[in-house]
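Chain identifiers are assigned alphabetically (A, B, ...) following the order of the sequence lines, protein sequences preceding nucleic acid strands; residue numbering begins at 1 within each chain. Values reported hereafter were calculated over all heavy atoms of this structure, with side chains retained and with hydrogens, waters and symmetry mates removed.
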Amino acid sequence: MRLSYPGNVKVVKVPCTGRVDVLLILRAFESGVDGVYLAGCLEGECHFLRGNLRARRRVEYVKGLLEEVGLGGNRVEMFNMSASQGQRFAQFAQEMTERIRLLGPSPVKKGE
Amino acid sequence: MIVGNRKDFSEILEKLGAARRVLLLGCNECVTVCGVGGEREVGVLASELRLYWTKEGETFEVREHTLERQCDYEYIDQIRGFADDYDVILSMACGAGVQYVAEAYKTKLVLPAVNTTFLGVTIEQGMWSERCQGCGACILDMTGGICPIARCAKSLLNGPCGGSSEGKCEIDKETDCAWQLIVDRLKESGQMERYEEILPVKDWRTGRDGGPRRRVREDLKL
Amino acid sequence: MKTNSVIEKVLEQGGFVVTSECGPPRGADPEVVRRKGELLRGVVDGVNVTDNQTSVVRMSSLSACAILKGMGLEPILQMVCRDRNRIALQSDLLGAAALGINNVLCLSGDHQKFGDHPQGKNVYDIDSVQLIQTVARLRDEGKFLGGDEVKGRPMLFVGAAANPFADPFEIRAARLGKKVKAGCEFIQTQCIYNVERFTRWMEMVCERGLHERCGILAGVTPFKTAGMANYMKKNVPGMDVPDDMIARMKGVAKEKQAEEGIKICVETIERLREIPGVRGIHIMAIEWEEKVAEIVKAAGLLPRPEIQ
């Protein structure tokens, strides 16, 4: 399809969004990223049945934690798409990048 | 197990005050099982502190350490070598653990990061419910294995009160009426005649009302 | 005859008891109690004085009882287990008897969650059944719960409440049985709107012979408005208001609803009187004491018997 999406998005591959732990997201923020989003399969179509549903709940939990520490819950998000929806992948990458741009760089940026 | 809730981050920050060298101390027992103060939760709180203080441009040190138990001196003693490197010990154990750590490190500021709530069970992953209040004189044989002291909002020994409606307690539609459960259980187990007995006035001396409790077994002493 | 209670005497004489209630004010003004008491003079045989009902702080029941007693009325001291331990409860029982109060109504009490101090600690050292036992023990055995001897027994007629509409229904009569076994001599029930269900409960009560050991007074509360009927159905735990009764209240114009509420109440009393085992009526006209006389009169329950 040769779709393009913003180059600032660094993809971390996991076997399932159900693999993504709260600590993994927090560590990403500690390393200085401006935002994190999970690209999970469509709800109801998880190969492991409920991995993406659990990931969504963890994202909600992390939103609360980020609010508490003053980074803002909007810096983390959960999106759902199927493997064949490349367009959606690119669209969410664009959407998230714009959202984070508006929020500005993370105040936890390392080495600044 | 003992169940708790983590304190709000803002309250923890307030309690920490100006302290920036923090020994965050988890416990591998009950609070690990109920997801409030084990190694993982220590990691999350430590991460929150690091994110917050980095954002604020502060210098700090957060050390994560989880003990096998905080209610036994032998384990608490394991941090002896480095406890003094920190301004505070922020304990994620239950209230017993926090106190015992404080007793062991008399010159250290020891703070609680958890609100200890109840003795309970795991209903399902991520959900716990109260079962016991440690009254010191168990009557579960009389009440179909369901404790009215812990599970009735009024701790009625001769319930249910007039507020029991469709199996739920008057205080909250999410809360089961303990006496409905007791009656159901007595019925199912063919013990309804037990319901006719008046449970006598309770002697609360075995409970907290008798003062702080202690248990001694001479045969176990070294 | 165990006590000087007017309720006991009317029951002994085989009369039909009428009681009502007076909620003490949320302040220290004794005039409020006197005014409410005056409305009930000659109309009822006894006046319940609520004990911080719905867990809202009010003038103490004991003080308001003393005021009514001073006016020559017959107060019924309501006592809940929520706020006092066995030391305070027994102390107040002795104090009540010393003030000439002849009746006590033993209750668990609403949970403080519903009141104006939900932050408070509750006590529940003993429960309502055990409070009945306590009064009976002080009076009949002359013993405190702790076992010591009472010097000057409190001669109180012992009552309790029963809710025929709470769940589980099948043990409701059994629970009343426990109260009677504990020493309860009269019962006032929760407000009755569903007379059919109450009748079924009374049958269970009579089967156990409880009506012969304990005077059962059926509780009624007149609706002021259709909104109140609806509220009670939806929000008061353990309250059974049939839909047709709400429809009847809604069916009349707003300014006529109070009148309709009184009419329903009087009709209910007439039906309750016919039920075997019912020995009296307890009218809870919530902040509407001025209507009690009208209801009692319309129900043909005047004049009240003269008790010496």
- request: With a 4.5 Å cut-off on heavy-atom pairs, point out which of B/Gly162, B/Pro200, B/Pro160, B/Ala153 contacts chain C the most.
  value: B/Pro160
Residue pair B/Asp209 / C/Asn85, side-chain heavy-atom distance below 4.5 Å: no
query: Does C/Asp148 pair with C/Lys143 as a salt bridge, N-O distance under 4.0 Å?
result: no
task: Go through the atoms of C/Gln112 and report whether side chain, backbone, both or neither lie under 4.5 Å from a heavy atom of chain B.
output: neither
task: Measure distances from C/Asn163 to the heavy atoms of chain B and classify the residue's part below 4.5 Å as side chain, backbone, both or neither.
output: side chain
- prompt: For B/Lys15 and B/Lys7, what are the C-alpha separation, side-chain angles and deciding distance, and is it a side-chain contact (heavy atoms from CB on, under 4.5 Å)?
  reply: CA-CA 11 Å; B/Lys15 285 186 192 299; B/Lys7 286 182 179 288; 3.8 Å; yes
task: Between chain C and each of B/Met192, B/Lys202, B/Glu196, count heavy-atom pairs under 4.5 Å; write down the option with the most.
output: B/Glu196
query: Just checking, is any N or O donor in the side chain of C/Arg82 or C/Ser55 under 3.5 Å from an acceptor N or O on the other one?
result: yes
Chain C contact via B/Lys168 - which portion, at a heavy-atom distance below 4.5 Å: neither
task: Can you tell which part of C/Ile126 gets under 4.5 Å to a heavy atom of chain B, answering side chain, backbone, both or neither?
output: side chain
message: Taking side chain as everything from C-beta outward and backbone as N, CA, C, O, which of these in C/Leu131 sits under 4.5 Å from a heavy atom of chain B? Side chain, backbone, both or neither.
response: neither
field: C/Phe169 portion near chain B, given a 4.5 angstrom heavy-atom threshold
entry: neither
statement: Between C/Thr221 and C/Cys191 the two heavy atoms that sit nearest each other are OG1-SG, 3.1 Å
query: Taking every heavy-atom pair that is under 4.5 Å apart, which of B/Glu170, B/Gln180, B/Glu197, B/Lys187 has the most such pairs with chain C?
result: B/Glu170
- line: Most contact-rich option vs chain B, by heavy-atom pairs under 4.5 angstrom, among C/Asp110, C/Val236, C/Asn122, is C/Asp110
- prompt: Should the pair C/Phe198 and C/Phe165 be assigned to parallel (<30°), tilted (30 to 60°) or perpendicular (>60°) ring geometry?
  reply: tilted
message: Using a 4.5 angstrom heavy-atom cutoff, name the option from B/Asp184, B/Leu157, B/Leu199, B/Asp172 with the most pairs to chain C.
response: B/Leu157
task: Under 4.5 Å heavy-atom distance to chain B, tell me which part of C/Lys178 shows up: side chain, backbone, both or neither.
output: both
Winner by heavy-atom pair count (cut-off under 4.5 Å) against chain C, out of B/Gly159, B/Ser155, B/Cys177, B/Gly167: B/Gly159
- prompt: In terms of ring plane angle, is the pair C/Phe186 and C/Phe157 parallel, tilted or perpendicular, where the classes change at 30° and 60°?
  reply: parallel
query: By a 4.5 Å heavy-atom criterion (distance strictly below it), what part of B/Val201 contacts chain C: side chain, backbone, both, or neither?
result: both
message: For B/Gln133, is the CD atom crowded, meaning more than 12 foreign heavy atoms sit under 6.0 Å from it?
response: yes
field: Donor-acceptor under 3.5 Å (C/Thr189 side chain, C/Gly219 main chain)
entry: yes
